[in-house]
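Encoded as structure tokens, the structure appears first; notes follow it.
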Amino acid sequence: MRNPKSKLDILRQRIHIIIYGTDTVAGRLFDLILLGLILLSVFLVMLETVKGFDAKYHHELIILEWIITGFFTLEYLLRIATTNSPRKYIFSFFGIIDLLAILPMYLSFFFVGSRVFSIIRALRLLRLFKILNHPKFTGQSVHLLKALQASRGKITVFLYFVLISTILIGSIMYVVEGEENGFTSIPISIYWTIVTLTTVGYGDISPGTPLGQLIASMVMILGYGIIAVPTGIVTAEFTRTNTKTEPEKNLCENCGVANHNPNAKFCYHCGNPLLVK
């Protein structure tokens with residue numbers, strides 16, 4: 001015979017459902033409040049860097065930041081206390097982000113200016129997809145991840161080619177232009193090449209000789225082609241991933257759940273007619 005749960009176990013289970021779950025009203029409300037506080041926290045950090053505003057409301061900003069940090073600290077401790085695998089959560093992606101979100105304020109006691117790193121809390125907004133909890137969002141994120149993984153090798157080779165090209169072009173520009181035109185070293189010339197190749201063009205360094213200007217023009221034209229290559233690689237892999245997966249699924253019109261049986265007429269989840277993809 002099972003031992004009845006203690007009040008502490010019941011409370012722990014209820015808190016776990018609220019913090020980790022999205023199927024209950026309390027759980028969704030908690031997540032929405034959490035997202036609102038994250039947005040407010042990021043906004044406060046940005047306002048703190050505005051000197052005029054910070055000089056006038058510095059005390060109020062600090063109080064609000066500490067209130068939010070206290071809430072995040074309590075939430076972090078409750079996540080550890082209520083999960084069945086504390087170690088798994090602590091070393092997970094969101095666990096590390098949750099910890100980094102609260103550390104800057106405490107580190108501000110020892111390192112001046114560390115509060116600005118609280119901006120990392122913006123990464124916690126990724127939990128928006130957890131709140132939405134819709135199969136369409138989940139499916140598309142899986143497809144995108146698979147496309148990035150499939151194109152990893154091609155992009156690595158492409159970046160290796162770009163790296164070699166920037167070294168060669170930077171070295172040539174150093175020889176052609178020289179120190180009198182701002183190309184004081186090969187690293188500076190490589191910096192100019194990267195800026196030009198990415199079509200950013202800060203203008204802090206520019207070629208002064210006709211040959212240097214010709215090379216710069218060729219680098220700019222080459223830059224447009226280079227920008228399109230990784231985009232095309234990922235797009236092709238994304239399309240290929242969708243082509244492989246979509247025909248195998250029937251998508252429910254009502255709940256969005258994917259049914260893997262191609263002959264199914266009704267959704268196994270809610271019983272409504274299926275929309276064949």
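As the structure is a computational prediction, the values presented were derived from the model and not from experiment. These values consider heavy atoms only, across backbone and side chains, with no hydrogens, waters or symmetry-generated copies.
- Taking the six-membered ring for Trp, Y106 and W66 have ring centres closer than 6.0 Å.
- Linking Ile, Leu, Val, Met, Phe, Trp and Tyr residues whenever their side-chain heavy atoms come within less than 4.5 Å leaves L197 and Y224 in two separate clusters.
- With respect to Y191, the side chain to side chain donor-acceptor pair (under 3.5 Å) criterion is satisfied by exactly one of T196, T166, D204: D204.
- The ring pair (Phe, Tyr, Trp, His ring centres under 6.0 Å) pairs that include a residue from residues 164-188 are F183-W192, where partners are two or more places apart or lie in different chains.
- Hydrophobic clustering of Ile, Leu, Val, Met, Phe, Trp and Tyr side chains at less than 4.5 Å, counting indirect connections, unites V162 with V219.
- Using a 4.5 Å cut-off between side-chain heavy atoms of Ile, Leu, Val, Met, Phe, Trp and Tyr, with links allowed through other members, L39 and L64 fall into the same hydrophobic cluster.
- L168 and L163 sit in two unconnected hydrophobic clusters of ILVMFWY residues. Membership requires side-chain heavy atoms under 4.5 Å apart, directly or through other members.
- Interatomic distance, L44 CG to T49 OG1, rounded to the nearest 0.5 Å: 11.0 Å.
- Judged by distance alone, the side chain of R121 and the main-chain N or O of A101 form a donor-acceptor pair under 3.5 Å.
- Closest non-hydrogen pair, H16 versus T83, comes out as ND1-CA, 4.1 Å.
- When atom types are taken as modelled, the side chain of T82 and the backbone of L78 share a donor-acceptor pair closer than 3.5 angstrom.
- Closest of all the heavy-atom pairs between V176 and G212 is CG1-N, 3.8 Å.
- Distance CG/D54 to CD/E60: 10.5 Å, rounded to 0.5 Å.
- The heavy-atom pair separating G170 from S189 by the smallest distance is O-CB, 3.0 Å.
- Heavy atoms only, all atoms of each residue included: I120 and L100 are closest at CG2-O, 3.6 Å.
- Heavy-atom neighbours of M218 CE from other residues, nucleotides or ligands within 6.0 Å: at or below the threshold of 12.
- Note that CD1 of I67 is 7.0 Å distant from CD1 of I63, once rounded to the nearest 0.5 Å.
- Contacts of L99 classified as side-chain contact (heavy atoms from CB on, under 4.5 Å), with partners at least two apart in sequence or in another chain: Y76, I102, L103.
- When all heavy atoms of M220 and T199 are compared, the closest pair comes out as O-CG2, 4.3 Å.
- For the atom pair OG1 of T69 and CG of L37, the computed distance is 10.5 Å after rounding to the nearest 0.5 Å.
- A donor-acceptor contact shorter than 3.5 Å links the side chain of S171 to the backbone of I167.
- Pairing each heavy atom of T198 with each of V195, the nearest pair is OG1-O, 3.2 Å.
- When atom types are taken as modelled, the side chain of R12 and the backbone of A81 share a donor-acceptor pair closer than 3.5 angstrom.
- Judged by distance alone, with hydrogens and angles left aside, the side-chain atoms of E177 form no donor-acceptor pair with the main-chain N or O of G182 at under 3.5 Å.
- We find the CD1-CD distance between I188 and E179 to be 11.0 Å, quoted to the nearest 0.5 Å.
- Distance CG/L11 to CD1/I15: 4.0 Å, rounded to 0.5 Å.
- Every residue two or more places apart in sequence or in another chain that forms a side-chain contact (heavy atoms from CB on, under 4.5 Å) with I97 is listed here: F93, L123, R124.
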